[in-house]
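Written below as structure tokens is the structure these notes are about.
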Amino acid sequence: MAKKILLLDGNSLAYRAFFALPLLTNENGIHTNAVYGFTMMLQRILEEEKPTHMMVAFDAGKTTFRHETFSEYKGGRQKTPPELSEQFPYLRKLIDAYRIKQYELPNYEADDIIGTLSLEAEKQGDEVIVISGDKDLTQLASPSTTVYITRKGITDIEKYTVEHIKEKYGLTPLQIIDMKGLMGDSSDNIPGVPGVGEKTALKLLAAHGSVEGVYEAIDQQKGKMKEKLVANEDLAYISKQLATIERQAPVEVKLDDLGYEGPDQDELVRVWSELAFKSLLEKMDYTAEETVKEELKFTVVTEIEPSILKGEMAVHLEMYDEHYHTCDLLGVALSDATDTYVIPMDAVKGSDILKTWLADPSKKKYMSDSKASTAAFLRSEIELDGVDFDLMLGAYIVNPSLTYTDMANIVLEYGYTDVSTNEQVYGKGAKKKVPDDAVLNEHIARKARAIWKVRDIIIKKLEDNQQFDLYDKLELPLASVLGKMESLGVKVDKAQLSDMGEELAAKLEKIESEIYSLAGQEFNINSPKQLGVILFEKLGLPALKKTKTGYSTAADVLEKLEGQHEIISHILLYRQLGKLLSTYIEGLLKEIHDDGKIHTRFQQALTTTGRLSSTNPNLQNIPVRLEEGRKIRKAFVPSEPDWVMVAADYSQIELRVLAHMSEDDRLVQAFKDDQDIHTATAADVFHVPLEEVTGDMRRAAKAVNFGIVYGISDYGLSQSLNIPRKEAAEFIDRYLKSFPGVQQYMTNIVSSAKKDGFVTTLMNRRRYLPDITSSNFNLRSFAERTAMNTPIQGSAADIIKKAMIDMDEALEREGLKANMLLQVHDELIFEAPKDELAKLMELVPKVMESAMELNVPLKVDIASGDTWYETK
DNA sequence: GGTATCACG
DNA sequence: ACGTACGTGATACCG
């Protein structure tokens, strides 16, 4: 039977993909764009062509026989960017997973391998498709061989048949070589005849057929053209020779060895998950869902016998969505080395045996997202204790840059493929629903099973990276502290919010009509597009900044226009109040539960630095800077009469962390002396005594301090201080000269990030920074700033997390009724009975300040009041 | 679903 | 020369 043979030019396709796609980085720190593009192309080609035989040819080494002819061959070419080089091993792995033969031959290029094999195939009457990004290969076209050249993208292909070449160039495939001989090829540094381009080359070949033909009839040329041709005859012949693909290369593989049987699905999944090709994985799971998974035996249990409850088990509580304070609970699965059980939710709630086991701290539970489970169980008054492993937290500590939205993706990261995504099981959007019991139960069972299976791998990884303590002593205990805080919730005065809302709405209406009258027409003020037209076209104000889509109307831009038109200040006020109404009044009102409280969710495995985040609603960005907004805090009240709110915040924690890590003498001393750090910075930077620091000097120093923490750049500082960039650069320079320890620290942290590929915090939290070695200035600069910022922000996060665990214990130990309610990065918010207040004002700062021992003191400010607003 | 804007540390 | 401050989440547009 005739074969259909696909011959791929590996190097050329990888290059094409690399330059066609943005420089994607997966969270494991590998650049993936070339491999990804190659994969997309391969997938498409396989589907469309259904080949019987396949091979990917690669160039071997740096020099080939062509260099003997012309030593500058491929000279002057930019050397392969490291971001591409590092992808070749993955490309090789990928091709192996497809079970496609790959081949390279010393002293020859991929072209020659392909040319040799395609000739052999032609002799045997087989159909051949050659795929490359390099048009040189079109010389191989024949009645049985088609050459596919990628265009622009990587999946967009131009098919060069003999006819197509004739149409496009008026040449036969072999004349392509003559064309290159005359015009050269700058990418391969083939010289050609200087001054002859594609147009001239085609004209010459149309008349004379070949390079040889041109020179035989050289007398037909005249003037400059003749001179050029005569002077460069040697170059023309050499160029032709260089462009000629060798079709008799000593290729050892036989066409029969190239049979293509389809990919090794399991291996492909492993490679794709290593590369984090999520969309491809999802597609594959969809098509191969039933076939890929190993069978799992599990028992559905409605009457729980004590015998099934062991001393250590994986426990999974399945929930319908991520809003675990409100969503339906769908069942529990237990799994250990031998058995897996699924228990429907009614049976869970009705079983005292199970509840007792769940609450027993001596029974070890291995879970995923134990905080969610703790909080969700609590809604049914089921207590959970003895959590010994948390899959989500473990995976997060191993690499906080990975964004897991689904447990299936976490376990996939560790090579476990047998869990479906929730989207596969429940569907999405309007079609989302709970499936039949059989499907649901298996899904839950597989999750419990996966936790049991993957636990060892994650723990091993944590231990290898010296991160087990961070995980086990910090994040895991914190999960239950946070679970308690979320379940408790914070009381919100609904009437207060509603009243404020009505007031705001009335004000907004007035401002709105004033804006309309100033603009001379009605329009949607909330639409940046419409607002831009009004301001910059109708009213003729200068557009100072542009966005991707049009004029920028951001606050910093409008502020610069404030003197120029009365409408600006009204718009700024409208924006400010509109934000309060929509986000903080209406938004918060929607989130108040039947108990009169708001139950936020603290995301513990989300940020790349180790901070928490807060969602549904976000209680970490309640207004404070402007008085109008700050009033929102009056609605946050204690949950009991005669209780008070207490807020305690770390003073300058990030700069203290910087002082500790950099060991800069002056910075350390300033904190030891309990100086106002911005004033002290100003004194040092401006070389004046502390008493002579002016308000402006302090303001500038404060901005520089922020900049230092963020990973300084002159541009950033110039924006924040609204000064020319040069002045900003001078400030930075003076700062770094005043604090040489900080300068040294910044240099060191960037170089250690380059060496190790990651940076760490005080508690050994890691963040990988693959872009730090990028040749792309922007990516590299960003990574460098991140290298400076993450250890600072992340260590501060470590400290307050530790303080929260200590605080939780302290409240318990002291027998206090006070509740810890919120964390806002550097502050903790409590509610407490009035009679505990005195005790608390002493205890909280003590605990927070001793959370970790640094070489500078930690300082906490604390205040209390009837509402959150009054805690200042 | 992406973009712009703005709230917080 | 390059084009930016670090980390988040919610809302309103608009194609």
Side-chain angles (χ1 to χ4, degrees), chain A residues 400-401 429 523-532 545-558 571-572 574-588 590-591 600-603 606-626 628-630 632-633 649-655 658 703-721 725 728 732 759 767 769 774-794 796-797 800 822-828:
Chain A
S401 300
F523 65 100
N524 186 345
I525 308 166
N526 283 322
S527 163
K529 199 177 162 190
Q530 293 183 34
L531 180 61
K545 204 166 93 182
K546 274 200 258 181
T547 67
K548 271 184 211 165
T549 51
Y551 310 112
S552 170
T553 65
D556 62 325
V557 176
L558 297 189
I571 288 166
L572 286 167
Y574 181 88
R575 282 250 183 91
Q576 188 198 330
L577 301 183
K579 180 85 177 176
L580 291 180
L581 184 60
S582 69
T583 306
Y584 296 103
I585 305 278
E586 290 164 352
L588 285 178
K590 273 185 249 167
E591 298 283 353
T600 187
R601 284 177 298 125
F602 289 108
Q603 303 282 9
L606 185 144
T607 71
T608 46
T609 54
R611 275 191 176 181
L612 302 176
S613 82
S614 159
T615 57
N616 302 111
N618 181 356
L619 294 185
Q620 291 182 319
N621 72 344
I622 303 301
V624 66
R625 288 171 195 168
L626 300 171
E628 294 96 316
R630 192 173 199 152
I632 300 283
R633 295 180 173 221
D649 69 291
Y650 280 110
S651 161
Q652 304 297 350
I653 188 162
E654 292 189 333
L655 288 173
L658 174 63
V704 175
N705 277 329
F706 269 103
I708 290 292
V709 167
Y710 293 155
I712 197 93
S713 82
D714 51 8
Y715 182 87
L717 183 64
S718 76
Q719 289 298 297
S720 108
L721 279 175
R725 182 161 140 174
I732 294 168
V759 290
R767 178 170 180 183
L769 298 169
S774 172
S775 56
N776 178 316
F777 176 88
N778 285 327
L779 290 177
R780 189 178 63 250
S781 303
F782 185 59
E784 286 170 356
R785 291 198 297 273
T786 313
M788 299 186 245
N789 170 264
T790 295
I792 299 172
Q793 194 184 113
I800 195 166
L822 298 172
Q823 186 252 45
V824 192
H825 309 308
D826 66 354
E827 65 176 325
L828 297 175

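First the proteins, then the strands, lettered A, B, ... as listed; each starts at 1.
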Rounded distance in Å - CG (A:Leu606) to C1' (B:dC8)
16 Å
C:dA5 and B:dC6, which share atom name P, separated by this distance in whole Å:
15 Å
Spacing of A:Ile732 atom CD1 and A:Arg725 atom CZ [to the nearest 0.5 Å]:
10.0 Å
Applying a 4.0 Å non-hydrogen cut-off, can you work out what A:Arg725 is touching in the nucleic acid: base, sugar-phosphate, or nothing?
base
Write down the distance between CG (A:Asn778) and P (C:dC6), rounded to a whole number of angstrom.
11 Å
Regarding C:dC13, can its base be found pairing with the side chain of A:Lys529 as donor and acceptor, where the two atoms are less than 3.5 Å apart?
no
Here the gap from A:Ile800 atom CD1 to A:Asp649 atom CG, rounded to the nearest 0.5 Å, amounts to 9.0 Å
Distance col, row A:Ile632:CD1 vs A:Tyr584:OH, nearest 0.5 angstrom, shows 8.5 Å
Round to the nearest Å and state the distance from A:Asn618 atom CG to C:dA10 atom P.
6 Å
Quick check: any donor-acceptor pair below 3.5 Å linking the side-chain of A:Arg601 to the base of C:dG9?
no
Whole-Å gap separating C1' (C:dA12) and CZ (A:Phe523)
15 Å
Check the distance between C:dT11's C1' and A:Asn526's CG and give it to me in whole angstrom.
9 Å
Whom does C:dA1 pair with, Watson-Crick or G-U wobble, provided both distances fall under 3.5 Å?
none
Pick the P atom in B:dT5 and in C:dT4, then give their distance to the nearest Å.
14 Å
A:Asn705 CG to A:Leu658 CG distance, which is reported to the nearest 0.5 Å
8.5 Å
With heavy atoms under 4.0 Å as the rule, sort A:Ala555 into base, sugar-phosphate or nothing.
sugar-phosphate
Of C:dA5, B:dT5, B:dA7, the nucleotide closest to the side chain of A:Tyr710 is C:dA5
Report the distance from atom CZ of A:Arg785 to atom P of C:dC6, rounded to the nearest whole Å.
4 Å
Rounded interatomic separation in angstrom, taking CG from A:Leu577 and P from B:dC6:
13 Å
Whole Å only: how far is the CD atom of A:Glu591 from the C1' atom of C:dT11?
13 Å
Donor-acceptor pair present, A:Gln793 side chain and C:dC6 base, under 3.5 Å
yes
State whether the distance check finds a donor on one side and an acceptor on the other, under 3.5 Å, for side chain A:Asn621 versus base B:dA7.
yes
Minimum side-chain heavy-atom gap A:Val709-A:Asn789 below 4.5 Å
yes
Assess whether one donor atom and one acceptor atom, taken from the side chain of A:Ser613 and the base of C:dT8, lie less than 3.5 Å apart.
no
